[in-house]
Q: 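Quick one: the structure is below, questions incoming.
Heavy-atom basis, side chains included; hydrogens, waters and symmetry copies ignored. A note on names: the letters A, B, ... follow the listed sequences, proteins ahead of strands, and every chain is numbered from 1. Because the structure is a prediction, the values reported are computed rather than measured.
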Amino acid sequence: MTIPRYAAELSERLTAMSDKPPTHVDVVELVPPTRDQVRQRVEQTLRTTAEAAGLDLAGMKTAETDARIVTRLTDGSRAVGFTASGAVAVKVNMEPFAHLFDADPGGDRLTDLARIAADEQGFSTLVPGDDELRFERLWRVKAAGADREGRHNDPVLCRAVGAFRHVTRGLPVYGRASATVELAAGGRLASLSTSLRRRAEDGSGKTIATVPVRPAGDAAQDVATRMVTAFGNPAELRGARVEPEFFRFGYLSLGRRRPQSLLAPVYIASLAVIGEHETSAHLIVASASVEAFLRIRGGGASTSTDRLAAPGGPVQQPQPA
Amino acid sequence: MALAADLTYTFNRSNGFDRELRNAGHARSFYFSDQSCWSNDLKDTGFGGDDRNFADKVDLFWIETHGSQNSSGQASLLYDTPRNDWRGVSSGWQLGEDFNAEWVMAYSCKTAQLPGIANWWNVFQGLHLYCGAWENMYDGITTDECGEDVGDNLTDGDTVSESWIDGVSDWWVDNHPIVVGPGTSAAWNGGNIQWHLTAINIDHLWGHGSVSSDLAPAQQGCMVWRWAEG
């Protein structure tokens, strides 16, 4: 099959920006948590958070569904456990504009505050001894406004979010942030989350296989081919262009509502499609082993009915008032 | 027409959002996709659209498509059919009015870029908040649960603004959520904004906390927005 020139160029650009992968990588067995273990994680996380955030646990109530375990405190704070993955999130009941920063103390200071909060929450003890939970990136939540005359106020810093990445066997486990702390002024904890596929002493970590890593160029071609399909197999891009942003190598953690039995190597491409008017942005995963151990789910399907074929014919278009 | 790439996880997000809200007891009024989703659903009835029967007939309207902002600072959404127009532009939106809309959520790139959103007065005719993006929003396996996350946040009792910003963020990929809405002159307060008076601070999904009053255009003294950047 001949791929279009734009796809070949995309493949080349992705390959050029690829991390240098190792020659072989372990496929690692995971041990999905039981519902009881998720309950325990929720309770344990809540207790640690309560101490740091001054929350009162008296009167807390828990409700469970298939997907989530939700424990609510009487002040409105809550902890959520995801039964499929064991991920946990705690949200302190705090209005969006309570405890604003007086001024942005700068990225270094905010990062320090995030690291301090992570230490207080014992993040480093959550993963096995040979693993790491590294600081990855700082986010800011800000607010601003303008009046009818177009006068703008100075933006205010509402929250800082420190995001951390789980590293196992020397490779990052990509996906949503492995852990986060959200901080208000003074380092006050507003929320935290953990989304870790391996936890200390959870019994995971057996090596299922040690597999040779596919060349980045092969995986890049997979990505390019998928973009061709997404465009509808055109020979030319007619005014659009594809900008690769990164092409990373590591493990992948699926979403918090998905069980996962192993960590397998993948390449992950981030791409922006810049059209004449619209832009779209895509994250595409390609297996980094010849045998694809991890099943990446495809897109869901619409549950919409055909509007024009609906009983009674097309929906009536009312006349303008 | 220039090419646009299909999004893969649109229905994971939109179905997840829909499911979580219905599981919490909320009713779905309509669900359209692909060639059954039309620009007139958001366009004001007075401009020849049909928002009275769709976006402006519901409390919360969720849409996912490719987006952009034109040179006038107006949002533009791309549709999969020219039945009305290929593109729906926010200069034709007037939401709230005598009808129902409180919140619009658009998982689309760049529809609410800074500083153009300061000029979105026409859109807010009683609408409380527009939840969109000031830059790119990513379609991928790490953002496929964003719809469920937003829905769960809303029904767990978070504010609408926090539900959006936290729900569409996996705190890894470069998503750029933003929430924008009008405030009163008292909220503007000469530029020393009284944030606690704004819908961004007050609004929850109906049944899950407080909701601010509709603000008619004459009551609007400022436009305020809250966003995440990394």
Q: Counting heavy-atom pairs closer than 4.5 Å to chain B, which one of M227(A), E95(A), E149(A), E182(A) comes out on top?
A: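 Ranked by contacts with chain B, first place is E95(A).
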Q: So which part of D51(B) gets closer than 4.5 Å to some heavy atom of chain A, the side chain, the backbone, both or neither?
A: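 Nothing of D51(B), per the 4.5 Å heavy-atom cut-off to chain A.
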Q: Heavy-atom pairs under 4.5 Å with chain B are the metric here; pick the option from S280(A), S195(A), A281(A), G300(A) that has the most.
A: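 The answer is A281(A).
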Q: Can you tell me which portion of I117(B) sits under 4.5 Å from chain A's heavy atoms? Options are side chain, backbone, both or neither.
A: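 The answer is neither part of I117(B).
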Q: Please check if the side chain of R148(A) supplies one atom and the backbone of S185(B) the other of a donor-acceptor pair under 3.5 Å.
A: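 Such a contact is absent between R148(A) side chain and S185(B) backbone.
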Q: What residues of residues 72-79 of chain A sit under 4.5 Å from chain B when you count only heavy atoms?
A: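 Those residues of residues 72-79 of chain A which have a heavy atom under 4.5 Å from chain B are R72(A), R78(A).
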Q: Need one label for L252(A): side chain, backbone, both or neither, based on atoms under 4.5 Å from any heavy atom in chain B.
A: side chain
Q: What residue in A144(A), S191(A), A177(A) has the most heavy-atom pairs under 4.5 Å with chain B?
A: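 Heavy-atom pair counts peak at A144(A).
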Q: Does any N or O in the side chain of S36(B) come within less than 3.5 Å of the main-chain N or O of R307(A), such that one atom is a donor and the other an acceptor?
A: yes
Q: Classify the angle between the aromatic ring planes of W172(B) and F246(A) as parallel (below 30°), tilted (30 to 60°) or perpendicular (above 60°).
A: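 Tilted, since the angle between the ring planes falls between 30° and 60°.
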Q: How about E64(A): does its CD atom have over 12 heavy atoms from other parts shown lying under 6.0 Å from it?
A: yes
Q: May I ask you to name which of R151(A), R159(A), R258(A) has the most heavy-atom pairs under 4.5 Å with chain B?
A: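 Heavy-atom pair counts peak at R258(A).
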Q: Aromatic rings H282(A) and H66(B): how do their planes relate, parallel, tilted or perpendicular, breaks at 30° and 60°?
A: tilted
Q: Considering only heavy atoms, which portion of E148(B) lies under 4.5 Å from any heavy atom of chain A: side chain, backbone, both, or neither?
A: both
Q: Using modelled atom types only, decide if a donor and an acceptor are shared between the side chain of D147(A) and the backbone of G221(B) within a distance under 3.5 Å.
A: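 Such a contact is absent between D147(A) side chain and G221(B) backbone.
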Q: Using modelled atom types and a 3.5 Å cut-off, is there a donor and acceptor pairing between side-chain atoms of S304(A) and backbone atoms of Y31(B)?
A: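 Looks like yes, one N/O pair under 3.5 Å.
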Q: Taking E145(B) for the side chain and R256(A) for the main chain, is one N or O donor matched with an acceptor at less than 3.5 Å?
A: yes
Q: Closer than 3.5 angstrom, by distance alone: can the side chain of D144(B) be matched with the main-chain N or O of G299(A) as a donor-acceptor pair?
A: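 No; judged by distance alone, with no hydrogens or angles, the pair does not exist.
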